[in-house]
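The structure appears below as structure tokens.
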Amino acid sequence: MFIESDIEIRIQDRTAYAQEDHELKIWVHGAFRDLSCYRVADFQRVDTKKVRAVVTLKISVLSQDEQELIKSRPNDHVLLQTHLENLFTGKGKLRCLGQPRLIQI
């Protein structure tokens, strides 16, 4: 099971926003805890310090209790957004642009 969402990150890491797009996409991929980022799609740089993308995060990095809670409430967008924000550990501010959804790949 995965959490997928459209996001925007306001980057506060000087070395990151100076990189080219491919390296910045890799930075976004690594900005989530425990390599939880499964996929980064529709990546675009909005300006020098902001990027937008669709990220897909593995819930397997969460505790068993958290995984069960998410699976029992798959339409609870606030719960999914909270976990998505908690998995972000990069230098910056993450904002969800749409409602996160639980998917199975």
Side-chain angles (χ1 to χ4, degrees):
M1 302 291 289
F2 299 87
I3 299 172
E4 185 173 76
S5 182
D6 297 321
I7 62 162
E8 179 179 85
I9 299 173
R10 181 168 188 76
I11 301 170
Q12 297 173 339
D13 182 351
R14 290 181 185 167
T15 59
Y17 62 73
Q19 297 175 348
E20 65 179 45
D21 286 355
H22 179 71
E23 292 170 337
L24 191 54
K25 186 176 179 180
I26 292 171
W27 180 89
V28 169
H29 190 273
F32 290 92
R33 178 172 58 117
D34 299 330
L35 299 174
S36 62
C37 188
Y38 177 74
R39 176 175 53 205
V40 177
D42 299 333
F43 178 85
Q44 57 183 266
R45 188 185 295 249
V46 178
D47 61 34
T48 57
K49 294 184 181 181
K50 279 187 187 175
V51 295
R52 288 188 181 153
V54 176
V55 293
T56 306
L57 306 178
K58 299 180 259 183
I59 66 168
S60 61
V61 299
L62 299 171
S63 70
Q64 194 64 34
D65 292 338
E66 290 173 316
Q67 290 180 46
E68 292 302 320
L69 179 63
I70 288 173
K71 289 177 184 177
S72 68
R73 297 167 51 190
N75 295 322
D76 188 345
H77 302 292
V78 175
L79 176 68
L80 296 175
Q81 182 174 340
T82 301
H83 284 298
L84 185 132
E85 290 170 349
N86 288 340
L87 288 172
F88 181 74
T89 58
K91 289 184 179 180
K93 303 273 187 203
L94 180 130
R95 181 172 71 106
C96 288
L97 299 176
Q99 293 183 335
R101 54 206 167 273
L102 192 63
I103 63 168
Q104 207 166 8
I105 298 177

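Worth knowing before you read on, the calculation uses all heavy atoms, side chains too, and leaves out hydrogens, waters and symmetry mates.
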request  = Measure the spacing between CD1 of Ile103 and CD of Glu4 and express it to the nearest 0.5 Å.
outcome  = 4.0 Å
query = For the hydrophobic clusters of this structure (ILVMFWY residues joined by side-chain heavy atoms under 4.5 Å, transitively), does one cluster hold both Tyr38 and Ile26?
reply = no
Contact check, side chains of Trp27 and Ile11, non-hydrogen atoms, under 4.5 Å = yes
inquiry  = Measuring from atom OG of Ser5 to atom CZ of Arg101, what distance do you get when rounded to the nearest 0.5 angstrom?
reply    = 6.5 Å
task = Apply side-chain contact (heavy atoms from CB on, under 4.5 Å) to Phe32 and Val61, showing your working.
result = CA-CA 11 Å; Phe32 290 92; Val61 299; over 6 Å; no
inquiry  = I need the Ile105 CD1 to Arg39 CZ distance, nearest 0.5 Å.
reply    = 4.0 Å
query = Can you list the steps and then say if Ile59 with His83 is a side-chain contact (heavy atoms from CB on, under 4.5 Å)?
reply = CA-CA 9 Å; Ile59 66 168; His83 284 298; over 6 Å; no
task = Give the minimum heavy-atom separation between Val40 and Ala53, together with the two atoms involved.
result = CG1-CB, 3.9 Å
key: Which atom of Gln19 lies closest to which atom of Leu24, heavy atoms considered   = OE1-N, 3.7 Å
key: Where Pro74 and Leu80 come nearest, the two heavy atoms and their spacing   = O-CD1, 3.7 Å
message = If you count every heavy atom of other residues, nucleotides or ligands that lies below 6.0 Å from Lys91 atom NZ, does the total exceed 12?
response = no
key: Shared hydrophobic cluster, Leu69 / Ile3 (ILVMFWY, side-chain heavy atoms < 4.5 Å)   = yes
ask   = Same hydrophobic cluster for Leu79 and Met1, using side-chain heavy-atom links shorter than 4.5 Å among ILVMFWY?
value = yes
Crowding at CZ, Phe2 (>12 non-hydrogen neighbours, <6.0 Å) = yes
message = Is the shortest side-chain heavy-atom distance between Asp42 and Gln44 below 4.5 Å?
response = no
message = Rounded at 0.5 Å granularity, tell me how far CG in Leu62 sits from CD1 in Ile70.
response = 5.0 Å
ask   = Is there a donor-acceptor pair closer than 3.5 Å between any side-chain N or O of Glu8 and the backbone N or O of Arg95?
value = no
From Arg33 atom CZ to Asn86 atom CG, the distance as rounded to the nearest 0.5 Å = 7.5 Å
ask   = Under 3.5 Å, side chain of Lys58 to main-chain N/O of Leu35, donor-acceptor pair present?
value = yes
request  = Starting from the C-alpha separation in whole Å, work towards a yes-or-no answer on side-chain contact (heavy atoms from CB on, under 4.5 Å) for Ile7 and Phe88.
outcome  = CA-CA 11 Å; Ile7 62 162; Phe88 181 74; over 6 Å; no
Gap separating the NE2 atom of His77 from the CG atom of Leu102, nearest 0.5 angstrom = 10.5 Å
message = Looking at every heavy atom in both Leu57 and Cys37, which two are closest together, and how far apart are they?
response = CD2-CA, 3.6 Å
